[in-house]
Enquirer: 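So that we are looking at the same thing, I have put the structure below in C-alpha cells.
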Amino acid sequence: MLTTIRPLTRQNTNTYCQHYLNNSILTARTLIQQVTRFSYIYFPGRGIASFYWHPKLKINKNEGITVTETTTQSFRGPVDKKNVTVDNEIDKNITAKFGPNSLNKNITDVLKELAKQERAAGDFFRERAYHAAIKSIKAYPKKIESGKEARELKFIGPSIEMKIDEILKTGTCSYVTGYPDSAERKLFNVLTKIPRIGRINALKYLNKGYKTLEEFIDDSDLQPDQKYIIKHINELGEKIPRLEMNILREYIFRMLKNLDHRYLIEACGRFRRGEKCSESLNIVISHPEFKEDATENIDDFLKKFINDLKIQGFCTEYFPKGPSKYLAICRIPSKDAANPYLRRKIELRAVPYKNYWLTVLANTGDEVFYKSLQEKSLEKGFRLNDTILAPIDPNSGMVGEPLIVNSEDDIFKILNIKYLAPETRDWKSS
DNA sequence: CAGACATCGCATGCAG
DNA sequence: CTGCATGCGG
DNA sequence: GTCTG
C-alpha cells in the first residue's frame, strides 16, 4: 500500500495568512491577489488605506494555528484626502419606509431595462448609476412630468434627463428598443443562466460559433450540473409560485424537525421577502450544535440529509457547490401521475450556528439592500458579512472580536438601525 | 474636466 | 513552484 | 451613468 505517497494538493503547500480586515484565514496567494487587486481600502473615520498580513502564519487543521514567524508587512495605497462623512441620505434610505411608489413606474421600468443592459454589457458603473437614479425617482413623491423636473433629483444628470423626456413622449427609449433581440442575443441570455457562465464566457462561446443550445450541450468542457441545467433549461427557468415554494419549504422543514426539533431552517431570498414567485428557493439550515470549528460535521450532515431527500424521491438530482452547499433539483411528489409538479431549483446550505442569522440576512437580500447595509455598517465601524459582525478599530483598522448574534434583530440593534421586515427589503425590483 | 465610484473570496489559467 | 490576471457568484 | 474637487 502506498500510504506514504499522497498527491500533493495545493492546499497542503500553501502558507496561510490572516486577513487583518476581517480576520479571515486566507492563503498567502489569495491575500496577495487581494492586495494587488484592491490597492486601497477605506476605513471608516479616516482615509488611510493599508493592508497587513502575516506571511508566516501556518495552519494545521489538527493542531490549530501556529505562528512560526510574525512579520507584519504593510502595503499602503493612496491616501484618501476627503473626510468620510456620515451620509444622512443613506441613513434615511435605510430606515425610511420603503413603500412601493409606482407613480413613475413608466420611467423606472425603462431605466431598469437599461440597467440590465449595462450589466450584460459589463459596465458596472453605468448599471449602478441607473439603479441610483431609480432609487431617487422612487423616493420622489410626485408624478414626473418632464425630464427637466427629474433633473432636480439627485443622480439624475443630463443623459437620463433626455431619456426621461423620450420615455414620457414615446413610452420607451431608443436605447432599449435599439437593442436588437437577435437570435444571438437570445442565446447569450440563455447561456448566462447556466452556472459559472457569465457574460465573458457566454461571449466566448458565441464567438466559437455556437448557434443553438443543442449544439452547445455537446461541448466537452461542460460539467454535469451545467449539462443538466441546459437539458432542463425551460422547465427550470419557470418561476416557482409562492404556494409551491411553501410546500417545498414545508417538506424540508418537516424532514429536519423529525430528525431533531432543534434544527433551524429559514427559506431566504425572494420567498422571505414575500414575493409571489422566484426561480429558485434558497434555504439555510443550522443547529445549535453546529460548531464553527467542526465544519466537517456540518458537511457530513448536509451530505447525508440531501442524500435522504434523494432516496425519498423528493430530490431528483443534486450538485455540490462547495462542501456545505448544494444545488438540489427537487420535485413535489404528485398523486396525479399525469400532472407531475415541475422540477425546481433549491439552494441548500448548512452553516455554523454562530453564522446562522448573518447568513440568513445576507441571503435574504435583496442585493441593493444588503449592499447598503454593508456600507452603512462600515460607516458605523462594523464589518458585516455572512460570517462576521465585528467592530473595527478606527485607529488600527483591525477587526475586533466577533459579536454574538442570536437573531436578525440583533444585527440591526448592534448597528443601531431600525429593523426592516424582509418584505420591505425589495429595493431593486418592484 | 479628470478621476472616483468598487462586496470579496475563490477557482482557474497563463507565463516564467 | 510563484506572480499575476480575471471571471463568477449571491 | 452621476458626482466631486
Side-chain angles (χ1 to χ4, degrees), chain A residues 8-15 17 19 21-22 24-42 47 49 51 55 77-78 80-83 85 87 89 111 114-115 117-119 121-136 150-151 153-164 175 192-204 221 223 226 268-270 278-280 282 284 321-323 325 327 345 347 349 359-378 383-388 428:
Chain A
L8 252 194
T9 70
R10 206 175 179 179
Q11 299 295 337
N12 288 343
T13 60
N14 273 327
T15 306
C17 303
H19 193 314
L21 278 178
N22 60 5
S24 59
I25 304 296
L26 308 174
T27 63
R29 184 189 170 90
T30 305
L31 186 51
I32 291 162
Q33 282 180 345
Q34 298 313 316
V35 172
T36 51
R37 191 166 168 187
F38 303 100
S39 52
Y40 52 95
I41 290 155
Y42 292 116
F51 210 104
D80 184 10
K81 281 155 283 177
K82 63 188 174 209
N83 288 321
T85 53
D87 188 350
E89 209 68 37
L111 293 183
L114 289 168
Q117 269 175 27
E118 294 300 347
R119 187 189 186 88
D123 193 329
F124 178 84
F125 293 112
R126 281 199 169 79
E127 187 208 353
R128 196 171 172 271
Y130 280 121
H131 279 305
I134 292 168
K135 223 161 134 181
S136 195
R151 182 76 170 82
L153 299 175
K154 223 182 165 191
F155 304 119
I156 308 267
S159 185
I160 295 189
E161 174 186 344
M162 274 166 57
K163 289 189 176 77
I164 288 182
Y175 273 70
T192 49
K193 285 187 180 158
I194 300 165
R196 302 184 298 287
I197 297 181
R199 83 171 236 288
I200 304 291
N201 280 315
L203 279 176
K204 214 186 283 171
D221 290 347
Q223 301 292 311
Q226 294 176 313
C268 303
R270 286 166 176 273
S278 170
E279 271 193 23
S280 67
N282 187 332
V284 181
K321 297 212 145 196
K325 192 179 157 195
L327 171 66
K345 287 187 283 192
E347 304 253 3
R349 82 193 66 199
T359 309
V360 167
L361 179 67
N363 281 287
T364 298
D366 68 8
E367 220 176 297
V368 179
F369 165 78
Y370 188 65
K371 213 181 203 175
S372 313
L373 198 62
Q374 283 187 313
E375 284 170 14
K376 193 76 212 158
S377 308
L378 265 184
R383 174 116 194 148
L384 171 70
N385 59 33
D386 58 358
T387 53
I388 195 171
K428 196 169 172 179

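In what follows, every chain begins at residue 1, and chains take the letters A, B, ... in the order their sequences are listed. The structure displayed is predicted, hence computed values, not measured ones.
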Enquirer: Please confirm whether the shortest side-chain N or O distance from A/Lys325 to OP1 or OP2 of C/dG9 is below 4.0 Å.
Expert: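 A/Lys325 to C/dG9 OP1/OP2: no side-chain N or O under 4.0 Å.
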Enquirer: Of the nucleotides C/dG9, D/dG1, D/dT2, which has the atom closest to the A/Pro158 side chain?
Expert: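 For A/Pro158, the side-chain atoms sit closest to D/dT2.
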Enquirer: Would you kindly give the NZ-to-P distance between A/Lys135 and D/dT2, to the nearest whole Å?
Expert: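 To the nearest whole Å, that distance equals 17 Å.
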Enquirer: Got a sec, which residues hit side chain to side chain donor-acceptor pair (under 3.5 Å) with A/Thr364, two or more places apart in sequence or on another chain?
Expert: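 Applying side chain to side chain donor-acceptor pair (under 3.5 Å) to A/Thr364 gives A/Arg272.
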Enquirer: Expressed in angstrom and rounded to an integer, what is the separation of A/Phe155 atom CZ from D/dT4 atom C1'?
Expert: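 That distance rounds to 12 Å.
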Enquirer: Provide, to the nearest angstrom, the distance between the CD atom belonging to A/Glu161 and the C1' atom belonging to D/dT2.
Expert: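 To the nearest whole Å, that distance equals 13 Å.
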Enquirer: Taking the side chain of A/Ile160 as its heavy atoms from C-beta onward, which of B/dA6, D/dG1, C/dC8 lies nearest to it?
Expert: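 Out of B/dA6, D/dG1, C/dC8, the nucleotide with an atom closest to A/Ile160's side chain is D/dG1.
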Enquirer: What nucleic acid atoms does A/Ile194 come within less than 4.0 Å of, heavy atoms only: base, sugar-phosphate, or nothing?
Expert: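 Since only primed, P, OP1 and OP2 atoms lie under 4.0 Å of A/Ile194, the category is sugar-phosphate.
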Enquirer: Name the nucleic acid region contacted by A/Asp386, choosing base, sugar-phosphate or nothing; use a 4.0 angstrom heavy-atom cut-off, strictly under.
Expert: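 Nothing: the residue A/Asp386, judged by heavy atoms under 4.0 Å, touches no strand.
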Enquirer: Do A/Ser136 side-chain atoms and A/Phe155 backbone N/O form a donor-acceptor pair below 3.5 Å?
Expert: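 No, because the side chain of A/Ser136 does not come within donor-acceptor range (under 3.5 Å) of the backbone of A/Phe155.
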Enquirer: In whole angstroms, how far is the P atom of C/dG9 from the CZ atom of A/Arg349?
Expert: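 Rounded to the whole Å, the gap is 13 Å.
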Enquirer: Heavy atoms, side chains only, cut-off 4.5 Å: are A/Arg196 and A/Gln223 in contact?
Expert: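 Touching, per the 4.5 Å side-chain cut-off.
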Enquirer: Taking atom C1' of D/dG1 as reference, at what distance in whole Å does atom CZ of A/Arg151 sit?
Expert: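 Those two atoms, CZ and C1', are 12 Å apart.
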Enquirer: What is the distance from CG of A/Asn385 to C1' of B/dG9, rounded to the nearest Å?
Expert: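 One finds 10 Å between C1' of B/dG9 and CG of A/Asn385, rounded.
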Enquirer: Separation of A/Gln226 atom CD from B/dT12 atom C1', in whole Å?
Expert: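 Going from CD in A/Gln226 over to C1' in B/dT12 covers 13 Å.
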Enquirer: Under the rule for salt bridge (Lys or Arg N to Asp or Glu O under 4.0 Å), what residues qualify as partners of A/Glu347, not counting sequence neighbours?
Expert: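 Applying salt bridge (Lys or Arg N to Asp or Glu O under 4.0 Å) to A/Glu347 gives none.
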Enquirer: In whole Å, what is the span from the CD atom of A/Gln223 to the P atom of C/dC8?
Expert: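 Rounded to whole Å, this separation is 15 Å.
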Enquirer: Could you work out which one of D/dC3, C/dG7, D/dG1 sits closest to the side chain of A/Lys154?
Expert: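 Minimum distance to the A/Lys154 side chain belongs to D/dC3.
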Enquirer: Under 4.0 Å between a side-chain N/O of A/Asn201 and OP1 or OP2 of C/dC8, yes or no?
Expert: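 Indeed, a polar side-chain atom of A/Asn201 lies that close.
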Enquirer: Can you find a side chain N or O atom of A/Arg128 that sits less than 4.0 Å from OP1 or OP2 on B/dA6?
Expert: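 Looking at the OP1 and OP2 atoms of B/dA6, one of them is under 4.0 Å from a side-chain N or O of A/Arg128.
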Enquirer: How far does the C1' atom of B/dA6 sit from the matching atom of C/dT6, given to the nearest Å?
Expert: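 That atom pair is separated by 16 Å.
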Enquirer: Can you spot which of A/Val360, A/Thr359, A/Leu361 makes a side chain to side chain contact (heavy atoms under 4.5 Å, CB included) with A/Asn363?
Expert: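 With A/Asn363 as partner, A/Val360, A/Thr359, A/Leu361 yield a single side chain to side chain contact (heavy atoms under 4.5 Å, CB included), made by A/Thr359.
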